[in-house]
Visitor: 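My structure is below; once you've seen it, I'll send some questions.
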Amino acid sequence: MAISRSNPNHPKKGSATKTQPIRRFEDIRAIKRFLAGDPRNLAIFTLGINSALRGVDILRLKIEQVQYLKPGDSFDIREKKTGKYRRVMLNKVSHKALQDWIQSVAQWEEGDRLFPSKKAKGRLLVPTLMWHMIWMRSCHQRIESKYFAPNDGHTFAASP
């Protein structure tokens, strides 16, 4: 008996896909539970769902932009897609996730990316790899894959 290697959830060649924001808090909690042992990935996901920033903009953040912020403080970011500046307020949940990540790293230097690659110091984590990482974890949790498309530039935005 031959094993089918095709993914039934994969779109047909030439078709368009549309992703949706995560709307169910149960799905968000499931992903957070799965990411709990990885402070970097949990911080990326948590900041994404609470700020509605695009993945590429999250990955461009530098340590000095958020290191000393408290809940309720905000930081400015220039969006890559639009070139416009945007003010992002840090809520308690995002602040805790970011502080857990920052404290888990032995040493930060000025100008360091907040979310560098694990493989090469100073290298930027590639947005498509970030999406793939979150998407794979969501599949592991049996969360509807329509929320994530590894190659799109949409946000993680949660819309309850």
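On a predicted model such as this, the values are computed, not experimentally measured, just so you know.
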Visitor: Hey, what do you get for OG1 (T46) to CD1 (I28), rounding to the nearest 0.5 Å?
Guide: 9.5 Å
Visitor: When you measure from the side chain of Q103 to the backbone N and O of D100, does any donor-acceptor pair fall under 3.5 Å?
Guide: no
Visitor: For the residue pair V105 and I63, establish whether any side-chain heavy-atom pair is separated by less than 4.5 Å.
Guide: no
Visitor: State whether the side chain of Q65 and the backbone N or O of F75 hold a donor-acceptor pair below 3.5 Å, judged by distance alone.
Guide: no
Visitor: Look at E79 together with R86 and state whether they make a salt bridge at an N to O cut-off of under 4.0 Å.
Guide: yes
Visitor: Kindly indicate, with the supporting measurements, whether the criterion salt bridge (Lys or Arg N to Asp or Glu O under 4.0 Å) is fulfilled by E26 and R24.
Guide: CA-CA 5 Å; E26 307 87 59; R24 296 175 6 147; 3.7 Å; yes
Visitor: Does the side chain of D38 reach to within under 4.5 Å of the side chain of L42, using non-hydrogen atoms?
Guide: no
Visitor: A side-chain contact here means heavy atoms from C-beta on lying under 4.5 Å apart; do V66 and I102 qualify?
Guide: yes
Visitor: Check the pair I49 / K32 against side-chain contact (heavy atoms from CB on, under 4.5 Å), numbers first and verdict last.
Guide: CA-CA 11 Å; I49 62 171; K32 283 184 171 184; 3.9 Å; yes
Visitor: Would you compute the distance between atom CG of L69 and atom CG of L98 and round it to the nearest 0.5 angstrom?
Guide: 8.5 Å
Visitor: Closest heavy-atom contact between D57 and I77?
Guide: O-CD1, 3.3 Å
Visitor: side-chain contact (heavy atoms from CB on, under 4.5 Å) between F115 and N41: does it pass, once the steps are laid out?
Guide: CA-CA 9 Å; F115 301 110; N41 295 344; over 6 Å; no
Visitor: Does any part of the side chain of L59, heavy atoms only, come nearer than 4.5 Å to the side chain of K80, both counted from C-beta?
Guide: no
Visitor: I need the full list of salt bridge (charged side-chain N to carboxylate O under 4.0 Å, His left out) pairs touching residues 68-77, with sequence neighbours left out, sorted by first then second residue.
Guide: D76-R87
Visitor: Does D112 reach the main-chain N or O of W108 with its side chain, forming a donor-acceptor pair under 3.5 Å?
Guide: no
Visitor: Between I31 and F45, is there a side-chain heavy-atom distance shorter than 4.5 Å?
Guide: yes
Visitor: What's the separation between atom CG in L90 and atom CG in L47, rounded to the nearest 0.5 Å?
Guide: 7.0 Å
Visitor: When rounded to the nearest 0.5 angstrom, what is the spacing between CD in E109 and CD in E64?
Guide: 11.5 Å
Visitor: Could I get the full list of side chain to side chain donor-acceptor pair (under 3.5 Å) partners for S94, not counting sequence neighbours?
Guide: N91
Visitor: Any chance you could lay out the side-chain contact (heavy atoms from CB on, under 4.5 Å) test for K84 and R78, step after step, and finish with the verdict?
Guide: CA-CA 5 Å; K84 296 178 182 177; R78 186 173 184 176; over 6 Å; no
Visitor: So W101 and L114, side-chain contact (heavy atoms from CB on, under 4.5 Å) or not? Walk me through it.
Guide: CA-CA 9 Å; W101 164 237; L114 185 58; 4.0 Å; yes
Visitor: Measuring from atom CD1 of I44 to atom CG of L35, what distance do you get when rounded to the nearest 0.5 angstrom?
Guide: 9.5 Å
